[in-house]
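Each chain gets a letter, A, B and so on, in the order the sequences are listed, and its residues count up from 1.
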Amino acid sequence: MPFASSSSRPRFLRREADSDEESETSSSGGEDDLEEDFPEEAQVEEDTTDEVAPGKRKKPPPITISLKRVCKVCKQSGHEAGFRGATYIDCPRKPCFLCKTPGHTTMSCPHRVAMEHGVIPASARNTKTPLDYIFMRQLKAKIPKIKPVYVIPDQVDCGLIRFHSRRVTCLEFHPTKSNILLSGDKKGQLGIWNYDKQHERTIYGSIHSCIVNNIKFSLRNDAMAYTSSSDGTVSCTDMETGISTLLLDLNPDGWNGPANWRMLYGMDVNTEKGVLLVADNFGYLYLLDVRSNVKIGEPILVHKKGSKVVGLHCNPVQPDVLLSCGNDHFARIWDARRLGTESCLASLAHGRVVNSAYFSLLTGNKILTTSQDNRIRVWDSIFGNLESPSREIVHSHDFNRHLTPFRAEWDPKDPSESLVVIGRYISENYDGVALHPIDFIDTSTGKLVAEVMDTDVTTISTVNKLHPRDQILASGSSRTLLIWKARQEDWEAKKQPEKRPKQFIFRRNEKKANGKFDSDSGGDSDDDDSNGKKRKAKKRQGKYKKLVW
DNA sequence: ATGGAATGTTACC
DNA sequence: TGGTAACCCTTCCA
């Protein structure tokens, strides 16, 4: 661990402008700036547009050239959305950017301020069926009675590596060889990185011609990786040689316009049957025999015709039970043995596009979904009432065309099947630097267990993967790959829970202790941008090597 | 240092 | 229903 020794613990970052009061009602220096930006006269003129009765259409805005400063979100004057220093000020005329409810901004959103980070409690009624109880009894032995202590990989190890030329779109740890991380990018390249020997990395550039959406492995031969791509192909690549075989090509005749170009998103392998499942952007599912590389049957419509199927997951306990999710706002459960448009076992409704849907990894009995309505949903039992989720957790992971969609993913090592990792879209002002943490959420309570960040990572970490065996987190943040490891003290503490410091679990509580960077003399002038940059530069120096290729 | 491009989904007609 | 403009806390590089 090359960097663990440089500082025993990362300095804790204080969050600024945390509450409404601080940022909006206090009469600090910032207020004066505001008044300079918006002199009284500037506000009055166009108030008529505000008076238009709801229902009536607004007049198209007259074409006038004005030097007045307007809000870049709503184009109205009198306020301005955007960063002020490292704090983002919302447009007050838009619904909350976090919970999507009108009437307040992100700054004062109850889901943001609350430690619980926005849980909507499960309904009180008992929704369990007799089948559910039988299943619970079967599983009871597997489920621990005491909540496990989580060890959070929160310290950057191995530097920041940049060998992808476009943003990272998917990550997967090698199934058997520890220390090997595979990564796909928007350009279609496949990266293989031995993060224990930093310089051992390979990039294969000619497997796909655009976005690699999924990487899965062959269980028969763990030297082979399957990849699905928006170029409409599935490839099987030998990770040693880079030689790849085309398993499926949905665009054999090349480009015939966007209405005909097929892209492959969701993919999974039914290891029991040796069947590879992929789904396209028109709602269809394709099955392939892994041994013979032959297509099985005809494509099956699993989501609304013409809509993208973004995710597929075979149940880890019953691989014939398939979970799909798509742009039609649904996640669906299927019996893969009797697939057909009419044979859907359950449809889970969402407010928006569903970015991902996963069965829990040990018992396969829970479902976790991430939707573009900024909510993470958990169904506690696939045998229970699936009409509404057991819990909805409000969390900022909006869609943005420039970002790889966020997906909440289970910690494969958590025996209680509750811990989940997901990157956060909205930033916080951490002592003058706007950072986008990676959130660890206990989905059984909705509590934010840890927010992981580093001042050298100012971009959004949309792709996150927890190691199947080690206390390691891999992140893809724009073009950068990161490996986070847990601190040694945390391991020791896990072995001896009674010696565990209180702040061990909730990093938020730690922040106030050592809120400052170094010996910064900038006082409390908060949002001074140049000051923030200086701090950033100072932090960068000598902390750890930046590895860029 | 600053503005433009890349670019997917949704809302609205 | 299909077509298209808008868009929202991006990121990188001319």
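With B:dG8, B:dT9, B:dA6 as the choices, the nucleotide that has an atom nearest any side-chain atom of A:Lys186 turns out to be B:dA6.
Whole-Å rounding puts the A:Phe282 CZ to B:dG8 P distance at 13 Å. In this structure, the CG atom of A:Asn281 is 16 Å from the P atom of B:dT7, given to the nearest Å. In this structure, A:Asn355 places its CG atom 14 Å from P of B:dG8, rounding to the nearest Å. Rounded to whole Å, the distance from CG on A:Asp185 to P on B:dT7 is 12 Å. Atoms NE2 (A:His397) and C1' (B:dT9) sit 15 Å apart, rounded to a whole Å.
A close approach under 4.0 Å does not occur between any side-chain nitrogen or oxygen of A:Gln372 and OP1 or OP2 of B:dG8.
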- request: Could you run through nucleotides 7-14 of chain C and give me one letter per nucleotide, 5' to 3': B if any protein heavy atom sits under 4.0 Å from the base, S if only the sugar-phosphate is that close, - if neither?
  value: BBBBSSS-
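Residues passing the salt bridge (Lys or Arg N to Asp or Glu O under 4.0 Å) test with A:Asp280, sequence neighbours excluded: A:Arg262.
Defined by atom type and a distance below 3.5 Å, a donor-acceptor pair is missing between the side-chain atoms of A:Tyr284 and A:Glu298. Side-chain N/O atoms of A:Thr459 and A:His436 include no donor and acceptor closer than 3.5 Å. In the model, A:Asp231 has no side-chain atom that pairs as donor or acceptor with a side-chain atom of A:Asn251 under 3.5 Å.
By the 30° and 60° cut-offs, the orientation of the rings of A:Trp193 relative to A:Phe163 is perpendicular.
Taking syn as a glycosidic angle within 90° of 0, C:dC9 does not qualify and is anti.
The salt bridge (charged side-chain N to carboxylate O under 4.0 Å, His left out) analysis of residues 207-216 of chain A, with sequence neighbours excluded, yields the pairs A:Lys216-A:Asp268.
When the P atom is used for both B:dT7 and C:dA14, the distance is 16 Å, rounded to whole Å.
Comparing A:Val353 and A:Arg167 by the nucleotide of DNA chain B whose heavy atom lies nearest to each, the residue mapping closer to the 5' end is A:Arg167.
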